[in-house]
J.: 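Quick one: structure below, then a few questions.
Being a predicted model, the structure only gives us computed values, none of them experimental. Proteins come first, then strands; the chains are lettered A, B, ... in the order of their sequence lines, and each starts at number 1.
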Amino acid sequence: MYRSLEPEDIAFRDEVRAFLREHLSPKLSRATHLTTSVFPEPEIGHAWHRILWQQGWVAPGWPVEYGGTGWSLVQRWIFATETARAGAPALSPMGLKMVGPVIMRFGSPEQKAHYLPRILAGDDYWCQGYSEPGSGSDLASLQTRAVRDGEHYVINGTKTWTTHAHHANRMFALVRTGSEDTPRHRGISFLLLDMQSPGITIRPIRTIGSDHEVNQVFFDDVRVPVAQRIGEEGQGWAIAKYLLEFERGGSLNSGGLRCHLEELLRLARHTPRGDGCMLDDPDIALAFSQVEIDIDALEMTELRVMASLQTGQNPGAVSSLMKLRWSEIEQAMTHLGVRLLGPDALVWEHTRPLFAADARPVLDDLARPVTPKHLNARAFTIFGGTSEIQRDIIARELLGTVY
Amino acid sequence: MYRSLEPEDIAFRDEVRAFLREHLSPKLSRATHLTTSVFPEPEIGHAWHRILWQQGWVAPGWPVEYGGTGWSLVQRWIFATETARAGAPALSPMGLKMVGPVIMRFGSPEQKAHYLPRILAGDDYWCQGYSEPGSGSDLASLQTRAVRDGEHYVINGTKTWTTHAHHANRMFALVRTGSEDTPRHRGISFLLLDMQSPGITIRPIRTIGSDHEVNQVFFDDVRVPVAQRIGEEGQGWAIAKYLLEFERGGSLNSGGLRCHLEELLRLARHTPRGDGCMLDDPDIALAFSQVEIDIDALEMTELRVMASLQTGQNPGAVSSLMKLRWSEIEQAMTHLGVRLLGPDALVWEHTRPLFAADARPVLDDLARPVTPKHLNARAFTIFGGTSEIQRDIIARELLGTVY
Amino acid sequence: MNLQLTSEQQMLRESAARWVAERGRPAQGAVTVGPVGARWREMADMGWLAMTLPERDGGLGQGVAEACVLAEALGAGPVVEPYLPAVVLAGGLLAAGGSDAQRQRWLAALASGETLVVPATSERAAGHDIGLTATRAARQGTGWVLDGDKTAVAAGDIAQAWIVAARADESTIAFFLIERGTAGVTPRDFPSIDGAGACALSLRGVRLDDSARLPGATRAAFGQVNDQALLVACAESVGAMDTLVKATVEYTKQRIQFGRPLAANQVLRHRMADMSIATEEARSITLGAILALQDAEGSGNALARTRAAAAARAKVGMAARRVAEEAVQLHGGMGVTEELTIGVYLRRQMALDAMLGPAEWHLRRHAQLRGARDGGSEDRNVSLAGT
Amino acid sequence: MNLQLTSEQQMLRESAARWVAERGRPAQGAVTVGPVGARWREMADMGWLAMTLPERDGGLGQGVAEACVLAEALGAGPVVEPYLPAVVLAGGLLAAGGSDAQRQRWLAALASGETLVVPATSERAAGHDIGLTATRAARQGTGWVLDGDKTAVAAGDIAQAWIVAARADESTIAFFLIERGTAGVTPRDFPSIDGAGACALSLRGVRLDDSARLPGATRAAFGQVNDQALLVACAESVGAMDTLVKATVEYTKQRIQFGRPLAANQVLRHRMADMSIATEEARSITLGAILALQDAEGSGNALARTRAAAAARAKVGMAARRVAEEAVQLHGGMGVTEELTIGVYLRRQMALDAMLGPAEWHLRRHAQLRGARDGGSEDRNVSLAGT
């Protein structure tokens, strides 16, 4: 879609490409390819974070005053798309895209001065304490309780689906601070926790694809200084909602989809079938076209959104559309991947991450991540708001609430 | 699926086939093939009704005492399937399958003696006055009012989607007889009307496929003798519900689907493409297989239901399943038909019925009904309870009402 | 980024939308009587017929982007006047491959709405694959003799001339402009599914001067014009989808069933969400393909151009059909009658498929056009072990 | 009509369901250690391994219908013991094509649960198409030399012997029984996606006596056994779908979100309705195909038999995958972890596809097997003009 770019954007793209050629090592991109979880292991993702930080490119979405790049939205789209297509690892969003913006908007001067440079440099590794076993999509029903005790909160309860809690040294969490009869949206506060605090235990949850990516975290009289609260007591729900809106239009996925498609095309070309390869099979070729045109449309939707945002227009519920279609296209691709494997889909490797596994694997690098990716991709239509909730949102924008 | 039949059923099948060979004329089956509406014109359907009546086979679902055949459920399945596959016209169900059973169950001895033989012989042609412009799926909200005036009801209001009102001499109708504050299900009565009554006017409604099959019927002080009421005043809703349940498991469509599939296969074989025919196209061949396996499954579902009913088991919400899948498979087939036509899908013929049209049509008999059938098939997922309502019913059986 | 409409395009969009709102009407029965029907003449007066024709032929020299802006507005109508066959296809072919004499004779008259020329390229045994054309053009002296049959010639019933594709030899498809009344040419008129008209053509020993041939109308030239037509059809479909989504939203909000609006049903709400998503995606891929066509004008990469057009028409054709069918379904009983115009949009989508090929056919073409290079990123510095 | 289970089949169904409820456990990690794992031996003790083997080989002489009754119960578990590869496929091939010596040596031991033989028929470049087998069996004296590679040999890690398909000449695929430890045969074990185990086989200059060949195991015999295996897989999938529908209904009724059970959402209700419909359809087409297989035993119509089996596996394979994925989706976050067994069913469906070919492949086979006669009704006395 570069035909739609101005010359200065083309120049920027070339600068990004040159940087990638120089700094994205084969080792890093191989490990990314072999990553079957949503987020890569820190030894991959964090390594890339540091490289980008050294370049000053780690936080394109941040204001320049805090260390952002000052790029236009289109440049941000180009950067996101080029890095993903080149096979760079995804960065952990918990610091840069979640707690960072919250601290910028609601944090005290001391909190900003302390945390923001550390997030930028990757000195802290953050995890998110939002979901609980009883409250998945219905976040406001959370039960983890923080009771004031002098200059501390004492936390009891449990959080779940906590990505990389076992790697993180910091957590931001929504906890219930109100009394029993506080309206449920008003009794929630936003706290920052040290993961080394006494009373925190972590239980791994293996995903359907056997990855250890998420966890359940238990809090047993965990003490958190009141100074680690962001914003006012009871303001937590407003902060969480701000973050959701901040993310609107912020998730650019077509580059990753295109990278995945290219991996599958290589797999199809490298998988023999009779005298030819799997891509010669007309049914397979058609399935590729179906996916490819879906990506074409999503890519152009992203660009249209960027163009609208850049001219100050409101693109509407389009972030729901983009999340929904991204997840569906990914699932269609992982299906196709399994189909390409044929009998080899029987093979299972328990070791994670795959790039650290057995030196002589049963399947080659192209085939190896396919089945775990397919299984883990089931979660794409669940996390970050299920597809059903995304459609509810789109329908509400289209129809209003009609009962 | 005849492998599942006992020898006596095979013998019965052969008897039906012999009868069809003798009595189903090429003219009748050609006209059926060219029928683009749901129900054939009376000149076709009624002609076949008379032939079956002479054979004693017109009412397999009726008790023997009223003129039924005494066949087992499996024999009824065989008869329905064989006649449909052979291309026989569908019979109008309004007398035989709708008002007939109602009269048997709720009619007075006089009503039975008068109407049932006439329905059997086809002396009356019935239409159904249920739906109204404001009450489609939500039948109980009907507004047409019948006010008692001595030994008559005086009817005012309007009915719509009235199939073949322009051919019928009789109508059975649900009308509101209760006062304003009668609970809405209890204020409904079931009346039989003479379509020649003063005050009745009929407005044709052309379907999306240009057929004149349904109508709006207006009642302007139409007087109906009270003796023409079936059952008690206010019993109409119970009667309508009885009829719905009577129909459960009663709609056997796999024979018709199979007939339609064979027509399309012939069209595909007769449509040249390059040096071969359309059926050589791998994408077309795959689409045929998709439809064919769906029909295989539905056919066996029908047989399983017949077997369950025969052994006294309750097959559950399976009539919703069968209606739903029938309509979806039909729509998939008409789609395929349009695809087979290719550029010829541009051709439109206004004349209805097609079998009465132009002696030198632009398209041949195989191709001609395809586009109007496709358009009219849009209604299959709407009439007789929309697909959404069928899924509601299945879900209620599966999950109960959970709020 | 040039993803926003220029101010000229914005004006075109607004004036077309205004005209369609006032003058567009549901297509029922024959729409035009002769090529100089009132609406067609108005379209000419607005400059729309001249818009994409070359300036040297009296046109305004605009491109496929402008044609798409107009077509999107027409699709919302729907307006089924023969803009696509006459201006985009026949006009495009004449401009790309007509002789000077042909261009002078026909293009200005086409632009002014005085005459109508339409392509006759489909055959029953060829479908939409011009490579399978069986109509033969045999050399005879300095001229040609044509034999064959054409089907589904949109607006062919009211055209003064047809541009007929015929096989000149094993590897050459040639295009001939044949005027109504030429000996051996028998049109058979019929109404078309979208409420307009069409014809089939029988060609029996049709003798033509060499001047009837469009000298520059190669298969490559046809391919380029056809790709433009696919995008114009996409834009028209997007306009139709917009209208259908809006109409369905309105209908389900006001229609009460079981004591509440239809739109309160979560299942229907999600279906409308999907209709709206499909419309946005259709708009996106159409825009992307317009950019690809503009790009190919510079690069001359016909494969990329044709693949982008096939991708767009595959996706939009599928989406438009689904949205139209869903609109019918959600309008319930009313949707399946001629009482509402909803069905007219569905029929028009079917007409577009019949004219240019159904979505499934374009998807298969897209797969067949996947080149050896495609899918390999030029900038990827990845080394994967074991591959 | 013989659509109801016989009383013997009913008893089998009940005892199998009872055993599965008590002893079936989610497949996590390796399921069996050696072929004489406790559950496998129990299955032998119940007579299930002997059930479909011929009486003259110590079996009970039951047919595919009984195997399907058992498999449906196992599918509900899920029980991933190697019933399908060992009993249905290897046992079926030995019974159909083994020499007397092979039958005596292997079948009774298979039936008693003492030894395990499994087929090795898939190859990377052949997929599931045995016609593309590249492993070669070259004649040498009175014996054979085999070279090639086999992939995805289910339960091959614990089998005492493998039945290997190899190309004897251009048009002949032969089947050889190769015992573990034979020189030149190198198994490479790996865990399989369903929590059991498998292996790949490397065959390098493997010298075999002619007695290793299954003399009656032609491609036709393999076709018949494979069709039976497809139906057994269908029945297993139906059992799994039943469990998944029930589990999803229960979960959505008790899980509260936004103050009401998930099951109150119309969208989810309809999705579960569709899951239930898919299960009923799967059950129907499986039953129909069982009848077709029984019928083909009499008529010898292999084409009709294979087409019915392909139809059933295409439809059931698609349905099972969709139902399993929907079950995961409707269980939300819990569905995508190893904390619930829901995902185990999905993985088992993927294993069945990997063993026998995915639904898309069977649908394509079904299309390819459409004969010239098919679709023409033998009893239709219709005359259509113009055709």
J.: Between C/Ala200 and chain B, which part of the residue has a heavy atom less than 4.5 Å away: side chain, backbone, both or neither?
T.: neither
J.: Counting heavy-atom pairs under 4.5 Å to chain C, which of B/Gly342, B/Ala287, B/Cys277, B/Gly276 comes out on top?
T.: B/Gly342
J.: Going by atom types alone, do B/Thr35 and B/Glu41 pair a side-chain donor with an acceptor below 3.5 Å?
T.: no
J.: Counting heavy-atom pairs closer than 4.5 Å to chain C, which one of B/Val347, B/Leu341, B/Ile208, B/Leu139 comes out on top?
T.: B/Ile208
J.: Judged by modelled atom types alone, do B/Thr158 and B/Glu132 share a side-chain donor-acceptor pair under 3.5 Å?
T.: no
J.: I'd like to verify something: which residue of C/Ala351, C/Ala198, C/Gly357, C/Gly333 has the highest number of heavy-atom pairs under 4.5 Å with chain B?
T.: C/Gly333
J.: Please report the C-alpha distance between B/Gln216 and B/Ile202 in whole Å, then the side-chain angles of each, then the deciding distance to 0.1 Å, and finally whether the side-chain contact (heavy atoms from CB on, under 4.5 Å) criterion is met.
T.: CA-CA 6 Å; B/Gln216 186 170 2; B/Ile202 296 173; over 6 Å; no
J.: Please classify the contact of C/Ala154 with chain B as side chain, backbone, both or neither, using a heavy-atom distance under 4.5 Å.
T.: both
J.: Specify which of C/Arg347, C/Arg321, C/Met350 makes the most heavy-atom pairs with chain B at under 4.5 Å.
T.: C/Arg347
J.: Is it the backbone or the side chain of B/Arg339 that comes under 4.5 Å from a heavy atom of chain C, or both, or neither?
T.: side chain
J.: Answer with side chain, backbone, both or neither: which region of C/Val328 has an atom nearer than 4.5 Å to a non-hydrogen atom of chain B?
T.: both
J.: Who wins among C/Arg364, C/Met355, C/Met334, C/Glu325 for the most heavy-atom pairs under 4.5 Å with chain B?
T.: C/Glu325
J.: Anything under 30° is parallel, anything over 60° is perpendicular, the rest tilted; go ahead and classify B/His166 against B/His212.
T.: parallel
J.: Is it the backbone or the side chain of B/Ser141 that comes under 4.5 Å from a heavy atom of chain C, or both, or neither?
T.: neither
J.: Report which part of B/Pro361 has an atom under 4.5 Å of a heavy atom belonging to chain C: side chain, backbone, both, or neither.
T.: backbone
J.: Does this structure show an ion pair linking C/Asp149 with C/Arg124, if we count only N-O contacts that are shorter than 4.0 Å?
T.: no
J.: With rounding to the nearest 0.5 Å, note down the distance linking CG in C/Asp194 to CG in C/Leu346.
T.: 11.5 Å
J.: Name the region of B/Val338, side chain, backbone, both or neither, that has any atom closer than 4.5 Å to a heavy atom of chain C.
T.: side chain
J.: Classify the angle between the aromatic ring planes of B/Trp237 and B/His185 as parallel (below 30°), tilted (30 to 60°) or perpendicular (above 60°).
T.: perpendicular
J.: Between B/Tyr130 and B/Trp161, is the gap from one ring center to the other below 6.0 Å?
T.: no
J.: Just checking, is any N or O donor in the side chain of C/Arg313 or C/Ser237 under 3.5 Å from an acceptor N or O on the other one?
T.: yes
J.: Pick from C/Gly259, C/Ala126, C/Gly131: which one has the most heavy-atom pairs with chain B under 4.5 Å?
T.: C/Ala126
J.: At a 4.5 Å cut-off on heavy atoms, which part of B/Leu375 comes close to chain C: side chain, backbone, both, or neither?
T.: side chain
J.: Salt bridge or not for B/Glu328 and B/Arg325, using N-O below 4.0 Å?
T.: yes
J.: Please classify the contact between B/Ile389 and chain C as side chain, backbone, both or neither, with a heavy-atom cut-off of under 4.5 Å.
T.: side chain
J.: Given heavy-atom pairs under 4.5 angstrom as the criterion, report whether the side chain, backbone, both or neither of B/Ser131 touches chain C.
T.: neither
J.: Got a second to check how far C/Glu326's CD is from C/His331's NE2, nearest 0.5 Å?
T.: 12.5 Å
J.: Pick one of side chain, backbone, both or neither for C/Leu352, based on which atoms fall under 4.5 Å of a heavy atom in chain B.
T.: neither
J.: Tell me, out of C/Asn265, C/Thr337, C/Ile256, who's got the most heavy-atom pairs with chain B below 4.5 Å.
T.: C/Thr337
J.: Is chain C contacted by the side chain of B/Pro372, its backbone, both, or neither, given a heavy-atom distance below 4.5 Å?
T.: neither
J.: Kindly compute the distance separating CZ (B/Phe355) from CG (B/Leu34), expressed to the nearest 0.5 Å.
T.: 8.5 Å
J.: Tell me, side chain or backbone of C/Leu132 under 4.5 Å from chain B's heavy atoms, or both, or neither?
T.: side chain
J.: If you look at every heavy atom in C/Glu338 and B/Thr207, which pair is closest and at what distance?
T.: CG-O, 3.2 Å
J.: Need one label for C/Arg188: side chain, backbone, both or neither, based on atoms under 4.5 Å from any heavy atom in chain B.
T.: side chain
